[in-house]
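Data block below; observations after.
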Protein chains: 2
Amino acid sequence: MTSTPDTAPVRRVPRPRADALRNRERIVTAAREMFVEFGPQVPYDEVARRAGVGNATLYRNFPERADLVREVVLSLMARVTELAERAAEEEADTFAALRRFTHAAADERIGALCPMLDGAFDKDHPDLTVERERLEEAVQGLVERAQHAGRLRSDIGVGDLMVAVSQLTRPLPGTACVNFDQFVHRHLQLFLDGLEAPARSELPGTAATLEDLRRDSCRRS
Amino acid sequence: MTSTPDTAPVRRVPRPRADALRNRERIVTAAREMFVEFGPQVPYDEVARRAGVGNATLYRNFPERADLVREVVLSLMARVTELAERAAEEEADTFAALRRFTHAAADERIGALCPMLDGAFDKDHPDLTVERERLEEAVQGLVERAQHAGRLRSDIGVGDLMVAVSQLTRPLPGTACVNFDQFVHRHLQLFLDGLEAPARSELPGTAATLEDLRRDSCRRS
DNA sequence: AAATAAGCGGGGAGCCTCTCCCCGTTTAAC
DNA sequence: GTTAAACGGGGAGAGGCTCCCCGCTTATTT
């Protein structure tokens, strides 16, 4: 009777235990690493082992694999969004900002998102939509600024940039090649050179937003 | 006794039956399609079903999965090599030849090779080495010709080209997106624009051959 | 056209891996 | 110090894949 409010005698949600929060965080980190290396269908037990927790803890926090995948995707998108904002803020030259963002996104292993499109999670989850919009807005800002300054060719969209960067930085399965990172940055650089204005060729098709991608990428065979 | 040669009464290897050869061919084709769409660890039974043969026939022809993967890789490499040779032969402009080859290789789904690097087959198999050398030679020809003509930047190598093209054309898992091909060709085009001389930036690292890749891509965690 | 044997197909046993739960123990919170 | 939430590890259960067996089909040979 000391502190219970009137209508909720047992409904206290006292705040989760500190170790529970820590464990959840460790699980997400471990899952991100494992997903990058082995793909999102890596066994639960392995993720738990890497996180240093029992598998029961993993199941308690993420009853469905989709929950875990989504959490990882969200955390990755949030990081990348922040990179975009930082780049826009701190780089004076608009194209340099784009370069910096691109290389930084590669270092965050944004390419590891690709294997998570395999339909094992709900693309329309509210949290995901929100985060996607934040990300798109941030990158859109970079793109428009550079295009407006005449430094970036005008026939590309956010979707083009994100997909190409994701593909170029996508991890090779089963290998932890020491030099691969170096390659990736070379290829990004070449791609960026192709993005610079003035355009050296005419592109087929039309510029794409992230929304286009979300809509189009779900057609399963 | 009518036609048996002197020393080989039963050792006749009469030539495989026509339907057996046809089946083998159909299996490889089916496997290539399945690998492109679902990756190289797709169930044997599915491959057999797609090929329209019984699973026993598949096992008879390719007792180990590595055998099947290798056969698919070989056939794909052979096709791509031919594309490179044709492009070099039929295109007058050196950079146009490179463009044509690149886009054609994308249509052949060369990106599907990536998932087959997952260590499930013997990278040093003699047939593979031979085919790799043929491929490298053909593409090297394209690259050197364009570089010599001053149309292609000189700080890249065959390895750079092949890896980047493979990554950009790599199929997304679980999706058969209708428009994806269109995207791929946009991105290839952008990348090619970045390859054109004069170079717009300085690349980190050094140009790579296919041999470099083979050596470096086997370090497993 | 008949004989022959290589090749074929489909069904199913066996195995292995992953999921998911149970329950005794630990540990943060009060 | 007490309480209950959270933990961990072991193992049963299920599902899917591999691979073999054996009666039948069909290309080849004479």
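Order of the sequence lines fixes the chain letters, A, B, ..., with proteins taken first and strands second; residue numbering starts at 1 for each chain.
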field: Closest approach of B/G111 to B/T169 (non-hydrogen atoms, all atoms of both residues)
entry: N-OG1, 3.1 Å
query: Nearest-Å distance, CZ (A/R49) to P (C/dC18)?
result: 12 Å
- line: Heavy-atom closest pair (A/S75 atom, A/R32 atom, distance to 0.1 Å) is OG-NH1, 3.1 Å
task: Among C/dC8, C/dA28, C/dC18, find the nucleotide with the atom closest to the side chain of A/A18.
output: C/dA28
field: Comparing A/D19 and B/Y44 on DNA chain D - which has the more 5′ nearest nucleotide
entry: A/D19
- prompt: Do the side chains of B/L21 and B/E25 get nearer than 4.5 Å, heavy atoms only?
  reply: no
- prompt: Toward the 5' end of DNA chain D, which comes first, B/R22 or B/V42, by nearest nucleotide?
  reply: B/V42
task: On the 0 to 90° scale, with breaks at 30° and 60°, tag the B/Y44-B/Y59 ring pair as parallel, tilted or perpendicular.
output: tilted
statement: Sorted by number, residues from residues 55-65 of chain B placing a heavy atom under 4.0 Å from DNA chain D are B/N55, B/A56, B/Y59, B/R65
query: Any side-chain heavy atom of A/F35 sitting closer than 4.5 Å to one from A/L68?
result: yes
message: If the cut-off is 4.0 Å, is A/N23 near the phosphate of D/dC7, judged by side-chain N/O to OP1 or OP2?
response: yes
message: For A/L168 and A/V184: C-alpha separation, side-chain torsions, deciding distance, then whether side chain to side chain contact (heavy atoms under 4.5 Å, CB included) applies.
response: CA-CA 7 Å; A/L168 283 174; A/V184 167; 5.6 Å; no
statement: Between CD of A/E25 and P of D/dA6 the distance, given in whole Å, is 17 Å
- prompt: D/dA6 base to A/R17 side chain: any donor-acceptor pair below 3.5 Å?
  reply: no
